[in-house]
Amino acid sequence: METRIKKNFDILSKERKSTIIPFVSGGDPDIKQSTEILKSFAKNGAKILECGFNFNAPVSDGNPIQNSSYRALKNGAYIEKVFEIIKEFRKDYKEQAIILMGYYNVCLKLGEDNFLKECKNVGVDGLIISDLPFPENIPFVKKCRNIGISFVQLIAPTTSNERIAKINEYADEMVYYISMLGVTGSALKNSPEDIQKKYLEIKKLCSGNKRTVIGFGITQDVIKKFKNVDGLVVGSQICKTIEKSIENGQNSAVVEVSKLYKTLLNELQ
């Protein structure tokens, strides 16, 4: 399988670059601005983007992303609206990779086959399902592969090397290393050096030219402490920026998030 995820990582590899993968909840702060935020990421150099499909019990997320998801749901951004956001994004940006991130209940409610078919129709490249771990996810992984969508496996700090090797068989183009135990939006509990050490172990065990990204606790303040990684996922800081623009009574979420993403990329260089 070769989706836009691999193609964009290949481009980055040739340029000897890492990347910041931005996350935004689909529909936050509203449908229109959410679409424009995704477009602003691509306009400012993002090659791989994450968009959350919202669920009312996001158990792996901390307050920033929980609040973001709740705002989106209040705006009516259920999965059908998130698909519309991706479809609108694809009108202008056809080369960037889009990964949807969310919870299995939403897939079940729509029906796995219908969910995957619609993902393919609107131009989704990959899926992260936070509450569908290995090996329970194997049947769904096979369905994803059959339709040409990458399933992104999650690896925790406590995942043994033996288990990582088994996960590798059902990992596609990218794996996601959760940097710490806990929820998104927490401060890093392990040192960047320890995180990077585990990262290198994962890279060795995940054969087949798979890329590994690091998420949870990644903010502007710690980006420079990571060296030679494939990618870093930033979500909570982006969601906080959207929330702050709302609290200030400004209709400037797109502008503020765009500024933040530029700053994050500069920190990576």
Side-chain angles (χ1 to χ4, degrees), residues 20-44 46 48-93 96-103 105-107 109-110 115 118-119 122-124 126-131 183-186 215-220 232-264:
I20 298 293
I21 300 176
F23 168 92
V24 66
S25 298
D28 183 34
D30 56 53
I31 303 296
K32 182 179 179 180
Q33 287 191 84
S34 178
T35 307
E36 292 304 313
I37 285 172
L38 283 175
K39 289 182 178 181
S40 77
F41 291 146
K43 183 179 179 180
N44 288 304
I48 301 167
L49 304 85
E50 284 186 19
C51 180
F53 59 95
N54 307 294
F55 181 53
N56 61 9
V59 292
S60 70
D61 293 306
N63 286 339
I65 293 180
Q66 282 193 12
N67 292 340
S68 175
S69 186
Y70 295 155
R71 288 193 298 269
L73 288 171
K74 284 182 179 179
N75 292 327
Y78 294 90
I79 186 61
E80 294 80 7
K81 286 293 182 182
V82 175
F83 285 142
E84 289 178 17
I85 289 169
I86 304 302
K87 188 175 181 179
E88 186 65 28
F89 171 85
R90 282 288 180 222
K91 290 180 180 179
D92 296 326
Y93 295 97
Q96 288 76 8
I98 288 279
I99 298 171
L100 285 189
M101 184 172 185
Y103 294 83
N105 297 60
V106 178
C107 309
K109 184 177 180 181
L110 199 62
F115 177 81
E118 195 58 28
C119 283
V122 300
V124 171
L127 290 170
I128 299 172
I129 309 297
S130 301
D131 56 349
V183 296
T184 59
S186 302
F216 283 49
I218 306 301
T219 64
Q220 178 183 341
L232 298 169
V233 181
V234 179
S236 294
Q237 189 172 8
I238 289 170
C239 294
K240 285 179 182 178
T241 300
I242 293 172
E243 186 167 0
K244 187 175 180 180
S245 74
I246 296 169
E247 290 173 350
N248 292 339
Q250 301 169 342
N251 191 28
S252 61
V254 179
V255 173
E256 296 305 316
V257 168
S258 181
K259 288 180 182 177
L260 172 61
Y261 187 70
K262 290 178 185 177
T263 301
L264 296 172

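Everything numeric here is computed off the predicted structure, so don't read it as measured data.
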Is there a donor-acceptor contact under 3.5 Å linking the side chains of Ser258 and Ser40?
no
Kindly indicate whether the side chain of Met101, heavy atoms from C-beta on, has any atom under 4.5 Å from the side chain of Ser130.
yes
With a 4.5 Å cut-off on side-chain heavy atoms, are Ser236 and Ile65 touching?
yes
Heavy-atom side-chain proximity of Arg71 to Ile246 below 4.5 angstrom:
yes
Would you say that Phe83 contacts Leu100 through its side chain, given a criterion of any heavy-atom pair below 4.5 Å between the two side chains?
yes
Distance-minimising heavy-atom pair for Lys240 and Pro64:
CE-CG, 3.5 Å
What I'd like to find out is whether the side chain of Asn105 reaches to under 4.5 Å of the side chain of Asp131, using heavy atoms alone.
yes
Pair Glu84 + Lys87, salt bridge at N-O below 4.0 Å:
no
Start with the C-alpha gap between Arg90 and Ile98, add the side-chain angles, then the distance that decides, and say whether side-chain contact (heavy atoms from CB on, under 4.5 Å) holds.
CA-CA 10 Å; Arg90 282 288 180 222; Ile98 288 279; 3.6 Å; yes
Approximate separation, where rounding is to 0.5 Å, of Tyr78 OH and Asn56 CG:
7.5 Å
What pair of heavy atoms forms the shortest contact from Ala72 to Gly26, and how long is it?
CB-O, 3.3 Å
Between CD on residue Gln237 and CG on residue Leu264, distance to nearest 0.5 Å:
5.5 Å
Flag, side chain of Asn75 to backbone of Ala77, donor-acceptor distance under 3.5 Å
no
Spacing of CD1 belonging to Ile242 relative to OG belonging to Ser68, to within rounding of 0.5 Å
5.5 Å
At what distance, to the nearest 0.5 angstrom, does CG of Leu260 lie from NZ of Lys244?
11.0 Å
Shortest non-hydrogen contact from Cys107 to Ile129?
SG-CD1, 3.9 Å
Taking C-beta and beyond as the side chain, do Phe53 and Leu110 meet within less than 4.5 Å on heavy atoms?
no
Minimum side-chain heavy-atom gap Leu38-Ile85 below 4.5 Å:
yes
Reported CD1-to-SG distance for the pair Ile128 and Cys51, which is rounded to 0.5 angstrom
11.5 Å
Between Val257 and Phe41, does a side-chain contact (heavy atoms from CB on, under 4.5 Å) hold up when you go through it step by step?
CA-CA 9 Å; Val257 168; Phe41 291 146; 3.4 Å; yes
Roughly how far, to the nearest 0.5 Å, is the CG atom of Asn67 from the CD atom of Glu243?
5.0 Å
Quick check: do Ile37 and Pro29 have side-chain heavy atoms less than 4.5 Å from each other?
yes
Backbone N or O of Gln66 within a donor-acceptor pair of the Ser69 side chain at under 3.5 Å?
no
Show, in sequence, the C-alpha distance, side-chain angles and deciding distance for Asp28 and Asn54, and conclude whether the side-chain contact (heavy atoms from CB on, under 4.5 Å) test is met.
CA-CA 10 Å; Asp28 183 34; Asn54 307 294; over 6 Å; no
Decide side-chain contact (heavy atoms from CB on, under 4.5 Å) for Leu49 and Tyr93; before the verdict, give the C-alpha distance in whole Å, the side-chain angles of both, and the deciding distance to 0.1 Å.
CA-CA 11 Å; Leu49 304 85; Tyr93 295 97; over 6 Å; no
